[in-house]
Amino acid sequence: MRKQIVVGNWKLNGTTVLCHQFASGLADYKGSVELVICPPATHIDCLAGAASAHHSKVGVGGQNVAAQFSGAYTGEVSASMLQELGACYGIVGHSERRALFGETSEMVAQKANRLLEVGMTPIICVGESSLVREGGEHGKFVGRQVTEVLSRLAPSVESAVILAYEPIWAVGTGNTASPEQVQSMHAHIRAVAAPFINSVATRVLYGGSVTPDNAASLLELPDVDGALVGGASLELDKFLAIAGGC
Ligand code: 13P
């Protein structure tokens, strides 16, 4: 049985005030859905500390991680550093990092391996552009992204990764993918991942303009195990409403 999970990706947003607001606001959360917030790396410590002070069950993750262990890599933050601050998850391969920072699947796999080595859970993002979808190549494209990353993972505990399907055309645009598009891609991702991981036990999240209004129709799909939420995760009531839709 896969436990549903809703992950908030704050991207380059958030303050210590927001961390405290979420930590206290989620203290009374009694739902069955696992909740995780990925603030900027500078705020992981604050959110994790506040969550612990409030006995709030919200998990904390990083939005990125260095592909290396340590050394002369100015500006990078390693998996063990994120972990020391209180992060248990790390987003890797987000389309913004692939497009804006030139991250390749090989780099995404290195980053996922660094997280796995310290016992953290990588949330591996994949997703096609509108051009690829219009050309009808989305299945092939996303399948290749999944294979390129999973085939490079060091053998480790099964189902220790989370996959996230985030069609680029749906991220931050308000154009949510339809339930049919999401279910069909998630089933495909699970099938493509099967040779590399225990894909039946692996959670596959959907991300891309998830809101309280559309969450229930997406999260009820058989191959959708949760959501990766950007904009709506910056507002506590919206984040909670999305989790309530699981
Ligand atoms: P939005 O929910 O703002 O579309 O962002 C999705 C996303 O990129 C989460 O990683």
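Order of appearance sets the numbers: ligands from 1, and atoms from 1 within every ligand. The structure presented is a predicted model; accordingly, all values stated were derived computationally and were not measured. Residues: numbered from 1 along the sequence shown.
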J.: Where does Val171 meet ligand 1, judged by heavy-atom distances below 4.0 Å: at the side chain, the backbone, both, or neither?
T.: both

J.: Check ligand 1 against Leu228 and write out every atom of the ligand that is under 4.0 Å from a heavy-atom position of the residue.
T.: 9 (C), 10 (O)

J.: Decide whether an N or O pair under 3.5 Å exists between Ser209 and ligand 1.
T.: yes

J.: If you measure from each heavy atom of Gly172 to ligand 1, is any distance below 4.0 Å?
T.: yes

J.: Pull out every atom of ligand 1 sitting under 4.0 Å from any heavy atom of His94, numbered as shown with elements.
T.: 7 (C), 8 (O), 9 (C), 10 (O)

J.: May I ask you to identify the nearest protein heavy atom to atom 9 (C) of ligand 1, giving residue, atom name and distance to one decimal place in Å?
T.: Glu166 OE2, 2.8 Å

J.: In plain terms, say whether Glu34 and Arg203 are close enough for a salt bridge, that is, a side-chain N and a carboxylate O under 4.0 Å apart.
T.: yes

J.: Hey, does Arg98 have a side-chain heavy atom less than 4.5 Å from the side chain of Gln145?
T.: yes

J.: Just distances here: any N/O of Lys11 and N/O of ligand 1 closer than 3.5 Å?
T.: yes

J.: Could you check whether His94 and Glu166, counting side-chain N and O atoms only, form a donor-acceptor pair closer than 3.5 Å?
T.: yes

J.: Give the residue and atom name of whichever protein heavy atom lies nearest to atom 3 (O) of ligand 1, and the separation in Å to one decimal.
T.: Gly231 N, 2.9 Å

J.: What about Val142 and Ile168, same hydrophobic cluster or not, with Ile/Leu/Val/Met/Phe/Trp/Tyr joined at side-chain heavy-atom distances under 4.5 Å?
T.: no

J.: Which bit of Ala170 gets closer than 4.0 Å to ligand 1, counting heavy atoms only: side chain, backbone, both or neither?
T.: backbone

J.: Please check if atom CD in Glu84 has more than 12 non-hydrogen atoms from other residues, nucleotides or ligands closer than 6.0 Å.
T.: no

J.: Which side-chain N or O atoms in residues 35-48 pair as donor and acceptor under 3.5 Å with protein atoms at least two apart or in another chain?
T.:
none

J.: Give a yes/no on ligand 1: does Gly207 have at least one heavy atom closer than 4.0 angstrom to it?
T.: no

J.: Classify the ring geometry of His186 against Tyr206: parallel below 30°, tilted from 30° to 60°, perpendicular beyond 60°.
T.: tilted

J.: State whether the number of non-hydrogen atoms from other residues, nucleotides or ligands found under 6.0 Å of Leu12 atom CG is greater than 12.
T.: no

J.: Going by distance only, is there an N or O of Ala232 that falls short of 3.5 Å from an N or O of ligand 1?
T.: no

J.: To check your reading of the model: name the closest protein heavy atom to atom 2 (O) of ligand 1, its residue, and the distance in Å.
T.: Gly230 N, 2.9 Å

